[in-house]
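Small disclaimer: the values here were computed from a predicted structure and weren't measured. Side-chain atoms are counted along with the backbone in the values below, which use heavy atoms only and exclude waters and symmetry mates. Residue numbers begin at 1 in each chain, while the letters A, B, ... track the order of the sequences.
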Protein chains: 2
Amino acid sequence: MPRILDLQMKIRSLRRFVKTEGRIPTYREMLALFEYRSKNAVHGLVKKLVHFGYVRKSRGKLAATSRLTGVLKLLGAVQAGFPSPAEEELADTINLDEFLVERPDTTYLLTVSGDSMIEAGIHPGDLVLVEKGRTPKNRDIVVAQVDDEWTIKYFIKDSEGILLQPANRKYESIRPRRFLTIGGVVRAVIRKL
Amino acid sequence: MPRILDLQMKIRSLRRFVKTEGRIPTYREMLALFEYRSKNAVHGLVKKLVHFGYVRKSRGKLAATSRLTGVLKLLGAVQAGFPSPAEEELADTINLDEFLVERPDTTYLLTVSGDSMIEAGIHPGDLVLVEKGRTPKNRDIVVAQVDDEWTIKYFIKDSEGILLQPANRKYESIRPRRFLTIGGVVRAVIRKL
DNA sequence: CTTGAACCTGAACATTCGTTCAGTTATTGT
DNA sequence: ACAATAACTGAACGAATGTTCAGGTTCAAG
(Lines give C-alpha, C1' and ligand atoms only; values in the text may rest on other atoms or scores of the structure.)
Protein backbone atom coordinates (compact mmCIF):
# COMPACT_ATOMS: atom_id res chain seq x y z
CA MET A 1 0.00 0.00 0.00
CA PRO A 2 1.29 3.46 -0.89
CA ARG A 3 1.98 5.86 1.92
CA ILE A 4 2.12 9.38 0.52
CA LEU A 5 -0.79 8.74 -1.80
CA ASP A 6 -2.69 7.48 1.21
CA LEU A 7 -2.16 10.78 2.97
CA GLN A 8 -3.29 12.70 -0.09
CA MET A 9 -6.46 10.69 -0.18
CA LYS A 10 -7.12 11.55 3.43
CA ILE A 11 -6.51 15.22 2.77
CA ARG A 12 -8.99 15.03 -0.07
CA SER A 13 -11.73 13.60 2.08
CA LEU A 14 -10.86 16.13 4.75
CA ARG A 15 -11.25 18.88 2.15
CA ARG A 16 -14.58 17.45 1.12
CA PHE A 17 -15.77 17.38 4.71
CA VAL A 18 -14.66 20.93 5.40
CA LYS A 19 -16.30 22.15 2.23
CA THR A 20 -19.66 20.51 2.78
CA GLU A 21 -19.84 20.88 6.57
CA GLY A 22 -18.16 24.25 6.92
CA ARG A 23 -15.98 23.06 9.77
CA ILE A 24 -13.16 20.71 10.69
CA PRO A 25 -14.41 17.28 11.78
CA THR A 26 -13.99 16.18 15.37
CA TYR A 27 -11.61 13.33 16.18
CA ARG A 28 -14.55 10.99 16.48
CA GLU A 29 -15.80 11.99 13.05
CA MET A 30 -12.34 11.47 11.64
CA LEU A 31 -12.51 7.93 12.94
CA ALA A 32 -15.24 7.23 10.44
CA LEU A 33 -13.79 9.50 7.78
CA PHE A 34 -10.38 7.83 7.74
CA GLU A 35 -11.59 4.41 8.77
CA TYR A 36 -9.60 4.24 11.95
CA ARG A 37 -10.73 2.43 15.03
CA SER A 38 -8.81 4.39 17.64
CA LYS A 39 -8.85 8.06 18.40
CA ASN A 40 -5.12 7.81 18.98
CA ALA A 41 -4.65 7.00 15.32
CA VAL A 42 -6.47 10.23 14.52
CA HIS A 43 -4.27 12.02 16.99
CA GLY A 44 -1.19 10.87 15.10
CA LEU A 45 -2.64 11.87 11.77
CA VAL A 46 -3.60 15.32 13.02
CA LYS A 47 -0.02 15.76 14.21
CA LYS A 48 1.11 15.11 10.66
CA LEU A 49 -1.48 17.43 9.16
CA VAL A 50 -0.39 20.18 11.51
CA HIS A 51 3.24 19.55 10.58
CA PHE A 52 2.45 19.86 6.88
CA GLY A 53 0.37 22.95 7.47
CA TYR A 54 -3.02 21.63 6.42
CA VAL A 55 -4.53 22.38 9.78
CA ARG A 56 -3.32 24.38 12.73
CA LYS A 57 -4.15 24.71 16.36
CA SER A 58 -5.69 27.84 17.75
CA ARG A 59 -6.03 27.69 21.52
CA GLY A 60 -6.09 23.91 21.57
CA LYS A 61 -8.78 23.69 18.93
CA LEU A 62 -8.26 22.52 15.39
CA ALA A 63 -8.50 25.18 12.71
CA ALA A 64 -8.39 25.10 8.95
CA THR A 65 -5.57 26.81 7.11
CA SER A 66 -5.76 28.35 3.67
CA ARG A 67 -3.77 25.37 2.45
CA LEU A 68 -6.82 23.29 3.26
CA THR A 69 -9.62 25.68 2.38
CA GLY A 70 -7.82 27.38 -0.49
CA VAL A 71 -8.95 25.55 -3.56
CA LEU A 72 -6.72 27.02 -6.20
CA LYS A 73 -3.31 25.70 -7.06
CA LEU A 74 -1.14 28.61 -8.06
CA LEU A 75 1.26 27.67 -10.80
CA GLY A 76 3.79 29.69 -12.76
CA ALA A 77 3.39 31.22 -16.16
CA VAL A 78 1.46 29.84 -19.08
CA GLN A 79 4.70 29.02 -20.82
CA ALA A 80 5.66 26.61 -18.09
CA GLY A 81 2.56 24.60 -18.82
CA PHE A 82 1.24 22.01 -16.44
CA PRO A 83 3.18 20.12 -13.85
CA SER A 84 3.38 16.41 -13.36
CA PRO A 85 1.03 14.89 -10.80
CA ALA A 86 3.98 14.70 -8.38
CA GLU A 87 4.69 18.42 -8.58
CA GLU A 88 1.00 19.09 -8.56
CA GLU A 89 0.48 18.24 -4.94
CA LEU A 90 3.33 20.52 -3.91
CA ALA A 91 1.78 23.56 -5.52
CA ASP A 92 0.69 26.28 -3.18
CA THR A 93 -3.03 26.62 -2.88
CA ILE A 94 -4.47 30.06 -2.40
CA ASN A 95 -7.75 31.62 -1.61
CA LEU A 96 -9.01 34.04 -4.23
CA ASP A 97 -10.83 36.19 -1.71
CA GLU A 98 -7.73 36.70 0.38
CA PHE A 99 -5.69 37.25 -2.73
CA LEU A 100 -7.93 39.91 -4.20
CA VAL A 101 -9.71 41.56 -1.32
CA GLU A 102 -7.76 43.76 1.04
CA ARG A 103 -10.64 45.37 2.90
CA PRO A 104 -13.65 43.08 3.02
CA ASP A 105 -15.91 45.62 4.66
CA THR A 106 -15.67 48.14 1.86
CA THR A 107 -15.27 45.92 -1.19
CA TYR A 108 -18.10 45.18 -3.57
CA LEU A 109 -18.68 43.21 -6.71
CA LEU A 110 -20.43 44.95 -9.60
CA THR A 111 -21.44 43.80 -13.05
CA VAL A 112 -20.17 45.92 -15.92
CA SER A 113 -22.69 47.15 -18.43
CA GLY A 114 -21.52 49.16 -21.40
CA ASP A 115 -18.31 49.16 -23.33
CA SER A 116 -16.74 52.39 -22.16
CA MET A 117 -13.64 50.60 -20.84
CA ILE A 118 -13.32 47.93 -23.48
CA GLU A 119 -9.88 49.02 -24.60
CA ALA A 120 -8.66 48.46 -21.06
CA GLY A 121 -9.90 44.90 -21.31
CA ILE A 122 -13.05 45.49 -19.31
CA HIS A 123 -15.98 44.05 -21.24
CA PRO A 124 -19.73 44.23 -20.69
CA GLY A 125 -20.74 41.45 -18.35
CA ASP A 126 -17.41 41.38 -16.56
CA LEU A 127 -17.36 41.68 -12.80
CA VAL A 128 -15.37 44.43 -11.17
CA LEU A 129 -14.14 44.36 -7.63
CA VAL A 130 -14.64 47.86 -6.30
CA GLU A 131 -13.21 49.27 -3.11
CA LYS A 132 -15.29 52.03 -1.65
CA GLY A 133 -14.12 55.06 0.23
CA ARG A 134 -10.62 55.29 -1.05
CA THR A 135 -9.27 58.41 -2.71
CA PRO A 136 -8.27 57.37 -6.21
CA LYS A 137 -4.80 57.90 -7.52
CA ASN A 138 -4.04 59.23 -10.98
CA ARG A 139 -5.02 56.78 -13.74
CA ASP A 140 -6.92 54.52 -11.36
CA ILE A 141 -10.08 53.06 -12.81
CA VAL A 142 -13.03 54.34 -10.82
CA VAL A 143 -16.78 53.93 -10.60
CA ALA A 144 -18.14 57.47 -10.76
CA GLN A 145 -21.50 59.19 -10.90
CA VAL A 146 -21.92 61.60 -13.80
CA ASP A 147 -25.31 63.18 -14.52
CA ASP A 148 -27.16 60.76 -12.25
CA GLU A 149 -25.60 57.83 -14.03
CA TRP A 150 -22.87 55.51 -12.82
CA THR A 151 -20.03 54.60 -15.16
CA ILE A 152 -16.51 53.22 -15.13
CA LYS A 153 -13.76 55.56 -16.24
CA TYR A 154 -10.11 56.35 -15.85
CA PHE A 155 -9.57 58.89 -13.09
CA ILE A 156 -7.07 61.46 -14.34
CA LYS A 157 -5.72 64.46 -12.49
CA ASP A 158 -4.25 67.22 -14.63
CA SER A 159 -3.57 70.91 -14.40
CA GLU A 160 -7.22 71.78 -15.02
CA GLY A 161 -8.56 69.45 -12.40
CA ILE A 162 -10.09 66.04 -12.75
CA LEU A 163 -10.88 64.21 -15.96
CA LEU A 164 -12.94 61.07 -16.37
CA GLN A 165 -11.63 59.29 -19.43
CA PRO A 166 -13.15 56.22 -21.06
CA ALA A 167 -11.07 53.52 -22.71
CA ASN A 168 -13.10 53.60 -25.88
CA ARG A 169 -12.57 55.96 -28.80
CA LYS A 170 -16.31 56.12 -29.38
CA TYR A 171 -16.83 58.01 -26.13
CA GLU A 172 -15.49 61.32 -25.00
CA SER A 173 -13.82 62.31 -21.79
CA ILE A 174 -15.84 64.08 -19.16
CA ARG A 175 -14.68 66.97 -17.06
CA PRO A 176 -17.01 67.21 -14.07
CA ARG A 177 -18.25 70.74 -13.49
CA ARG A 178 -19.11 70.99 -9.84
CA PHE A 179 -19.81 67.73 -8.18
CA LEU A 180 -18.11 64.43 -8.67
CA THR A 181 -19.19 61.37 -6.78
CA ILE A 182 -16.65 58.59 -6.73
CA GLY A 183 -18.20 55.27 -5.84
CA GLY A 184 -14.94 53.46 -5.53
CA VAL A 185 -11.74 52.32 -7.10
CA VAL A 186 -11.63 49.22 -9.28
CA ARG A 187 -9.14 46.79 -7.77
CA ALA A 188 -9.71 43.77 -9.95
CA VAL A 189 -11.57 42.57 -13.00
CA ILE A 190 -13.11 39.12 -13.19
CA ARG A 191 -14.54 37.46 -16.26
CA LYS A 192 -16.31 34.14 -16.01
CA LEU A 193 -16.35 32.28 -19.30
CA MET B 1 -28.75 51.56 22.10
CA PRO B 2 -29.48 50.38 18.57
CA ARG B 3 -30.45 46.81 17.99
CA ILE B 4 -29.75 45.92 14.41
CA LEU B 5 -26.52 47.85 14.39
CA ASP B 6 -25.51 46.00 17.52
CA LEU B 7 -26.00 42.69 15.79
CA GLN B 8 -23.98 43.86 12.82
CA MET B 9 -21.13 44.77 15.11
CA LYS B 10 -21.20 41.31 16.60
CA ILE B 11 -21.19 39.73 13.17
CA ARG B 12 -18.18 41.83 12.33
CA SER B 13 -16.19 40.65 15.29
CA LEU B 14 -17.33 37.12 14.56
CA ARG B 15 -16.05 37.51 11.01
CA ARG B 16 -12.77 38.81 12.33
CA PHE B 17 -12.42 35.83 14.66
CA VAL B 18 -13.24 33.32 11.95
CA LYS B 19 -10.80 34.94 9.58
CA THR B 20 -7.88 35.07 11.97
CA GLU B 21 -8.50 31.82 13.82
CA GLY B 22 -9.80 29.72 10.95
CA ARG B 23 -12.70 28.41 12.99
CA ILE B 24 -15.90 29.40 14.75
CA PRO B 25 -15.35 30.42 18.37
CA THR B 26 -16.72 28.26 21.17
CA TYR B 27 -19.50 29.58 23.35
CA ARG B 28 -17.01 30.40 26.04
CA GLU B 29 -14.91 32.39 23.61
CA MET B 30 -18.01 34.23 22.44
CA LEU B 31 -18.57 35.28 26.03
CA ALA B 32 -15.44 37.39 25.81
CA LEU B 33 -15.99 38.32 22.18
CA PHE B 34 -19.49 39.71 22.71
CA GLU B 35 -18.94 40.80 26.30
CA TYR B 36 -21.63 38.61 27.76
CA ARG B 37 -21.46 37.12 31.19
CA SER B 38 -23.64 34.08 30.67
CA LYS B 39 -23.34 31.29 28.16
CA ASN B 40 -27.08 31.36 27.83
CA ALA B 41 -26.81 34.83 26.29
CA VAL B 42 -24.50 33.32 23.71
CA HIS B 43 -26.95 30.52 23.18
CA GLY B 44 -29.62 33.06 22.31
CA LEU B 45 -27.36 34.97 19.98
CA VAL B 46 -26.32 31.82 18.16
CA LYS B 47 -29.98 31.01 17.66
CA LYS B 48 -30.35 34.34 15.92
CA LEU B 49 -27.25 33.89 13.83
CA VAL B 50 -28.52 30.52 12.70
CA HIS B 51 -31.87 32.04 11.86
CA PHE B 52 -30.25 34.71 9.72
CA GLY B 53 -27.99 32.17 8.05
CA TYR B 54 -24.64 33.42 9.30
CA VAL B 55 -23.86 30.11 10.93
CA ARG B 56 -25.48 26.73 10.73
CA LYS B 57 -25.45 23.53 12.66
CA SER B 58 -23.93 20.38 11.29
CA ARG B 59 -24.47 17.42 13.59
CA GLY B 60 -24.86 19.62 16.63
CA LYS B 61 -21.68 21.54 15.96
CA LEU B 62 -21.52 25.13 14.80
CA ALA B 63 -20.37 25.66 11.24
CA ALA B 64 -19.62 28.72 9.17
CA THR B 65 -21.73 29.50 6.14
CA SER B 66 -20.61 31.34 3.05
CA ARG B 67 -22.60 34.31 4.30
CA LEU B 68 -20.07 34.53 7.09
CA THR B 69 -16.89 33.50 5.32
CA GLY B 70 -17.80 35.07 1.99
CA VAL B 71 -16.26 38.48 2.00
CA LEU B 72 -17.71 39.99 -1.14
CA LYS B 73 -20.97 41.83 -1.31
CA LEU B 74 -22.55 41.13 -4.65
CA LEU B 75 -24.43 44.12 -5.98
CA GLY B 76 -26.24 44.76 -9.23
CA ALA B 77 -24.97 46.49 -12.30
CA VAL B 78 -22.63 49.44 -12.47
CA GLN B 79 -25.51 51.66 -13.50
CA ALA B 80 -27.26 51.05 -10.23
CA GLY B 81 -24.33 52.50 -8.39
CA PHE B 82 -23.81 52.04 -4.70
CA PRO B 83 -26.44 51.26 -2.15
CA SER B 84 -27.12 53.12 1.04
CA PRO B 85 -25.59 51.71 4.20
CA ALA B 86 -28.96 50.24 5.08
CA GLU B 87 -29.19 48.24 1.90
CA GLU B 88 -25.55 47.44 2.17
CA GLU B 89 -25.90 45.00 4.98
CA LEU B 90 -28.63 43.16 3.16
CA ALA B 91 -26.46 42.42 0.17
CA ASP B 92 -25.60 38.80 -0.41
CA THR B 93 -22.03 37.98 0.29
CA ILE B 94 -20.34 35.41 -1.85
CA ASN B 95 -17.17 33.48 -1.92
CA LEU B 96 -15.11 33.98 -5.06
CA ASP B 97 -13.66 30.50 -4.96
CA GLU B 98 -17.06 28.89 -4.81
CA PHE B 99 -18.32 31.25 -7.45
CA LEU B 100 -15.56 30.58 -9.95
CA VAL B 101 -14.28 27.10 -9.23
CA GLU B 102 -16.45 24.12 -10.04
CA ARG B 103 -13.87 21.38 -9.65
CA PRO B 104 -11.22 22.32 -7.13
CA ASP B 105 -9.11 19.24 -7.71
CA THR B 106 -8.46 20.01 -11.35
CA THR B 107 -8.45 23.78 -11.44
CA TYR B 108 -5.28 25.83 -11.60
CA LEU B 109 -4.25 29.44 -11.70
CA LEU B 110 -1.75 30.50 -14.36
CA THR B 111 -0.16 33.81 -15.18
CA VAL B 112 -0.56 34.96 -18.77
CA SER B 113 2.57 35.94 -20.65
CA GLY B 114 2.30 37.22 -24.19
CA ASP B 115 -0.42 39.12 -25.97
CA SER B 116 -1.85 36.42 -28.20
CA MET B 117 -5.33 36.78 -26.68
CA ILE B 118 -5.36 40.52 -26.12
CA GLU B 119 -8.36 41.13 -28.36
CA ALA B 120 -10.34 38.78 -26.18
CA GLY B 121 -9.48 40.98 -23.22
CA ILE B 122 -6.78 38.69 -21.87
CA HIS B 123 -3.69 40.76 -21.20
CA PRO B 124 -0.15 39.82 -20.22
CA GLY B 125 0.04 39.51 -16.47
CA ASP B 126 -3.58 38.48 -16.13
CA LEU B 127 -4.40 35.33 -14.24
CA VAL B 128 -6.37 32.61 -15.91
CA LEU B 129 -8.34 29.97 -14.10
CA VAL B 130 -7.76 26.77 -16.00
CA GLU B 131 -9.69 23.55 -15.60
CA LYS B 132 -7.68 20.51 -16.52
CA GLY B 133 -8.87 17.31 -18.12
CA ARG B 134 -12.01 18.58 -19.77
CA THR B 135 -12.63 18.18 -23.47
CA PRO B 136 -12.96 21.69 -24.86
CA LYS B 137 -16.00 22.79 -26.78
CA ASN B 138 -15.85 24.85 -29.94
CA ARG B 139 -14.55 28.39 -29.35
CA ASP B 140 -13.46 27.64 -25.81
CA ILE B 141 -10.24 29.32 -24.82
CA VAL B 142 -7.67 26.64 -24.07
CA VAL B 143 -4.13 26.30 -22.81
CA ALA B 144 -2.40 24.15 -25.42
CA GLN B 145 1.05 22.86 -26.13
CA VAL B 146 2.39 23.67 -29.60
CA ASP B 147 6.01 22.93 -30.53
CA ASP B 148 7.02 22.37 -26.92
CA GLU B 149 5.57 25.72 -25.94
CA TRP B 150 2.41 26.45 -24.03
CA THR B 151 0.07 29.17 -25.23
CA ILE B 152 -3.48 30.35 -24.88
CA LYS B 153 -5.67 30.14 -27.96
CA TYR B 154 -9.22 29.75 -29.14
CA PHE B 155 -10.05 26.11 -29.69
CA ILE B 156 -11.94 25.82 -32.98
CA LYS B 157 -13.33 22.72 -34.59
CA ASP B 158 -14.01 22.94 -38.31
CA SER B 159 -14.36 20.61 -41.26
CA GLU B 160 -10.58 20.18 -41.52
CA GLY B 161 -10.10 19.33 -37.90
CA ILE B 162 -8.87 21.49 -35.08
CA LEU B 163 -7.60 25.03 -35.30
CA LEU B 164 -5.85 27.03 -32.60
CA GLN B 165 -6.66 30.66 -33.21
CA PRO B 166 -5.16 33.65 -31.38
CA ALA B 167 -7.12 36.78 -30.60
CA ASN B 168 -4.47 39.05 -32.07
CA ARG B 169 -4.09 40.00 -35.71
CA LYS B 170 -0.32 39.95 -35.35
CA TYR B 171 -0.30 36.20 -34.89
CA GLU B 172 -1.49 33.44 -37.15
CA SER B 173 -3.69 30.48 -36.46
CA ILE B 174 -2.11 27.12 -35.95
CA ARG B 175 -3.38 23.85 -37.31
CA PRO B 176 -1.76 21.08 -35.29
CA ARG B 177 -0.27 18.35 -37.49
CA ARG B 178 -0.22 15.22 -35.42
CA PHE B 179 -0.26 15.78 -31.73
CA LEU B 180 -2.14 18.32 -29.77
CA THR B 181 -1.82 18.55 -26.03
CA ILE B 182 -4.58 20.45 -24.33
CA GLY B 183 -3.62 21.55 -20.87
CA GLY B 184 -7.02 22.74 -19.95
CA VAL B 185 -9.93 25.04 -20.61
CA VAL B 186 -9.89 28.63 -19.42
CA ARG B 187 -12.91 29.17 -17.16
CA ALA B 188 -12.19 32.65 -15.89
CA VAL B 189 -9.86 35.59 -16.29
CA ILE B 190 -8.69 37.65 -13.35
CA ARG B 191 -6.85 40.93 -13.46
CA LYS B 192 -5.54 42.52 -10.31
CA LEU B 193 -5.00 46.24 -10.69
C1' DC C 1 14.50 -14.88 11.75
C1' DT C 2 15.09 -10.92 14.47
C1' DT C 3 14.90 -6.10 15.41
C1' DG C 4 13.27 -1.54 15.29
C1' DA C 5 10.32 2.02 13.87
C1' DA C 6 6.02 3.55 12.49
C1' DC C 7 1.44 2.92 13.03
C1' DC C 8 -2.44 1.29 15.15
C1' DT C 9 -6.08 -0.52 18.96
C1' DG C 10 -8.71 0.08 23.03
C1' DA C 11 -9.51 2.01 27.35
C1' DA C 12 -9.10 5.63 30.80
C1' DC C 13 -8.91 10.50 31.99
C1' DA C 14 -9.70 15.40 33.19
C1' DT C 15 -11.50 19.06 30.73
C1' DT C 16 -14.58 21.52 28.07
C1' DC C 17 -18.52 21.53 25.38
C1' DG C 18 -23.46 23.23 24.40
C1' DT C 19 -27.86 23.02 26.63
C1' DT C 20 -31.22 23.87 30.14
C1' DC C 21 -33.42 25.96 34.17
C1' DA C 22 -35.15 29.45 37.37
C1' DG C 23 -34.87 34.02 38.29
C1' DT C 24 -33.40 39.00 37.24
C1' DT C 25 -32.85 43.08 34.35
C1' DA C 26 -33.67 45.86 30.28
C1' DT C 27 -36.55 47.40 26.51
C1' DT C 28 -40.70 48.00 24.14
C1' DG C 29 -45.59 49.16 23.12
C1' DT C 30 -50.00 50.68 25.05
C1' DA D 1 -47.12 54.34 34.34
C1' DC D 2 -47.74 49.80 33.50
C1' DA D 3 -47.65 45.37 31.53
C1' DA D 4 -45.57 42.40 28.22
C1' DT D 5 -41.84 40.80 25.86
C1' DA D 6 -37.20 40.14 25.00
C1' DA D 7 -32.59 39.68 26.67
C1' DC D 8 -29.48 38.50 30.13
C1' DT D 9 -27.27 36.28 34.64
C1' DG D 10 -25.52 32.45 37.10
C1' DA D 11 -25.42 27.77 38.18
C1' DA D 12 -26.02 22.98 37.09
C1' DC D 13 -26.02 19.07 33.94
C1' DG D 14 -24.84 15.02 30.93
C1' DA D 15 -22.46 14.30 26.85
C1' DA D 16 -18.60 14.79 23.99
C1' DT D 17 -14.07 16.51 23.47
C1' DG D 18 -8.86 15.83 22.77
C1' DT D 19 -5.05 13.69 25.20
C1' DT D 20 -2.50 10.00 27.17
C1' DC D 21 -1.06 5.35 28.31
C1' DA D 22 0.11 0.47 27.71
C1' DG D 23 0.14 -2.83 24.60
C1' DG D 24 -0.59 -4.94 19.71
C1' DT D 25 0.26 -5.06 14.40
C1' DT D 26 2.58 -4.33 10.29
C1' DC D 27 6.45 -3.93 7.39
C1' DA D 28 11.06 -3.22 5.74
C1' DA D 29 16.02 -3.60 6.68
C1' DG D 30 19.81 -6.10 8.53
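Ion pairing between A/R134 and A/D140 fails under the 4.0 Å rule for side-chain N and carboxylate O. Between B/R59 and A/E21 no salt bridge is recorded (no basic side-chain N to carboxylate O distance below 4.0 Å). A/E29 has a carboxylate O that lies under 4.0 Å from a charged side-chain N of A/R23, or vice versa, which qualifies the two as a salt bridge. A salt bridge is absent between A/K19 and B/D97: the closest approach of a Lys/Arg side-chain nitrogen to an acidic carboxylate oxygen does not fall below 4.0 angstrom.
Without hydrogens or angle criteria, A/R169 side chain to A/E119 main chain gives no donor-acceptor distance under 3.5 Å.
The CZ atom of B/R23 sits 13 Å away from the P atom of C/dT16 (whole-angstrom rounding). As rounded to whole Å, 11 Å separates atom C1' of C/dT20 from atom NZ of B/K47. In this structure, the CE atom of B/M30 is 16 Å from the C1' atom of D/dC8, given to the nearest Å.
Between the side chains of B/R187 and B/T107, no donor-acceptor pair of N or O atoms lies under 3.5 Å.
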> Which letter, B, S or -, goes with each nucleotide of nucleotides 9-18 of chain D from 5' to 3', with contact meaning a protein heavy atom under 4.0 Å?
Replying inline: BB-----SBB
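Note on A/K48: a side-chain N or O is less than 4.0 Å away from OP1 or OP2 of C/dC7.
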